[in-house]
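One structure below.
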Amino acid sequence: ISGMKLCEYYNQQHGTNYLSLIPCNLYGEGDHFETEGSHVISALLYRMHQAKIQGDAEVVVWGTGNTRREFLFVDDFSKAILHFVGKVDAKQMQGFVNVGSGKDQSIRDLAYMVKEVVGYPGELTFDATKPDGMPKKLMSITRAHVLGWKHETEIRDGLEVAYQWYLQNGADEIAKDNANI
């Protein structure tokens with residue numbers, strides 16, 4: 001918020017045209033794949049891949065699975081940045097534009113989708129003793145649509161790309177590095 005306000009004040013004081021783009025949860029190539037401290041999608045991809053390789057019968061997913069989140073493929077956010085650069089009067093937009101897919105996904109449905117993408121044959125168990133967080137996070141992306149931008153990558157397709165990137169860019173090395181932490 002401080003950065004957005006700084007941009008707004010610079011625009012007012014110096015006549016600049018700084019626009020803040022606020023993304024929802026991003027995922028995709030180059031993400032940080034591990035179990036702790038990573039984003040939900042990369043953590044699920046990592047954990048289910050490891051469980052598949054190790055022959056684990058079960059993967060435990062934190063929370064009830066009922067919370068809902070909005071996700072955006074990282075390439076779509078990059079395209080949004082290019083779309084908005086120099087094309088928008090930030091003063092008319094009150095300094096920011098939400099960038100997302102406009103669709104939310106339950107963590108339960110997401111986990112089963114990741115399971116399918118990875119080809120993990122085991123069971124998923126949802127651990128309700130772990131925190132869920134906010135019940136729902138979904139942004140209004142009306143401004144982005146009015147300004148001519150819309151996401152291109154549906155979540156299932158993005159998961160496939162992210163998983164293939166993970167496999168091609170050292171899934172085994174990432175696993176070894178995480179084991180040594």
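Source: prediction; values computed, not measured.
How far CZ of Arg47 is from CG of Leu124: 9.5 Å, rounded to the nearest 0.5 Å. Expressed to the nearest 0.5 Å, how far CD of Gln105 lies from CG of Asn25 amounts to 11.5 Å.
Through direct or indirect side-chain contacts shorter than 4.5 Å among Ile, Leu, Val, Met, Phe, Trp and Tyr, Val74 is connected to no other residue. Other members of the cluster containing Leu6 are Tyr10, Tyr18, with ILVMFWY side chains joined at under 4.5 Å, either directly or via other members.
Within the 3.5 Å criterion, the main-chain N or O of Val118 finds a donor-acceptor partner in the side chain of Lys52.
With sequence neighbours left out, the salt bridge (Lys or Arg N to Asp or Glu O under 4.0 Å) criterion links Lys103 to Glu154. In this structure, the salt bridge (Lys or Arg N to Asp or Glu O under 4.0 Å) partners of Glu160, at least two apart in sequence or on a different chain, are Arg156. Partners of Leu26 according to the side-chain contact (heavy atoms from CB on, under 4.5 Å) rule, which considers only residues two or more places apart in sequence or in another chain, are Pro23, Leu72, Phe77. Arg68 pairs by the salt bridge (Lys or Arg N to Asp or Glu O under 4.0 Å) definition with Asp104, not counting sequence neighbours. When the side chain to side chain donor-acceptor pair (under 3.5 Å) test is applied to Thr16, the partners found at least two apart in sequence or on another chain are Asn11. Partners of Lys115 under the salt bridge (Lys or Arg N to Asp or Glu O under 4.0 Å) rule, at least two apart in sequence or in another chain, do not exist in this structure. Residues satisfying the side-chain contact (heavy atoms from CB on, under 4.5 Å) criterion with Ser42, sequence neighbours excluded, are Asp31, Phe33, Ser38, His39.
When only modelled atom types and interatomic distance are considered, His14 and Tyr9 share no side-chain donor-acceptor pair under 3.5 Å.
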side-chain contact (heavy atoms from CB on, under 4.5 Å) between Asn66 and Ile107: does it pass, once the steps are laid out? CA-CA 6 Å; Asn66 297 328; Ile107 297 302; over 6 Å; no

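Among residue pairs with one or both ends in residues 110-129, none qualify as ring-ring contact (aromatic ring centres under 6.0 Å, His included); sequence neighbours excluded. Applying the salt bridge (Lys or Arg N to Asp or Glu O under 4.0 Å) test to residues at least two apart or on different chains, the pairs with a partner in residues 2-23 are Lys5-Glu8. Pairs of residues two or more places apart, or lying in two chains, that qualify as side chain to side chain donor-acceptor pair (under 3.5 Å) and include a residue from residues 125-135 are Glu58-Thr125, Thr64-Asp132, Asp127-Thr129.
Nearest heavy-atom pair, Ile22 versus Phe96, reported as atom, atom and distance to 0.1 Å: CD1-CD1, 3.6 Å. Taking each heavy atom of Val59 and Ala51 in turn, the nearest pair found is CG2-CB, 3.4 Å. Summarising the geometry of Gly100 relative to Cys24, their closest heavy-atom pair is CA-SG, 3.8 Å, with the distance given to 0.1 Å.
Using a 4.5 Å heavy-atom cutoff, the side chains of Val117 and Tyr163 are in contact. Contact annotation: the side chain of Lys150 never approaches that of Asp76 to less than 4.5 Å [non-hydrogen atoms, C-beta and beyond]. Using a 4.5 Å heavy-atom cutoff, the side chains of Phe73 and Leu159 are not in contact. No side-chain heavy atom of Glu29 sits less than 4.5 Å from a side-chain heavy atom of Gln164. Leu19 places a side-chain heavy atom less than 4.5 Å from the side chain of Val97. Looking only at side-chain heavy atoms (C-beta outward), Ile141 and Val99 stay at 4.5 Å or farther from each other.
Transitive grouping of hydrophobic side chains (ILVMFWY, heavy atoms separated by less than 4.5 Å) brings Trp165 and Leu167 into a common cluster. In the hydrophobic clustering of ILVMFWY residues, with side-chain heavy atoms under 4.5 Å counting as a link, Leu44 and Ile155 come out together.
Here Lys137 does not pair with Glu70 in a salt bridge; the nearest charged N to carboxylate O distance is not below 4.0 Å.
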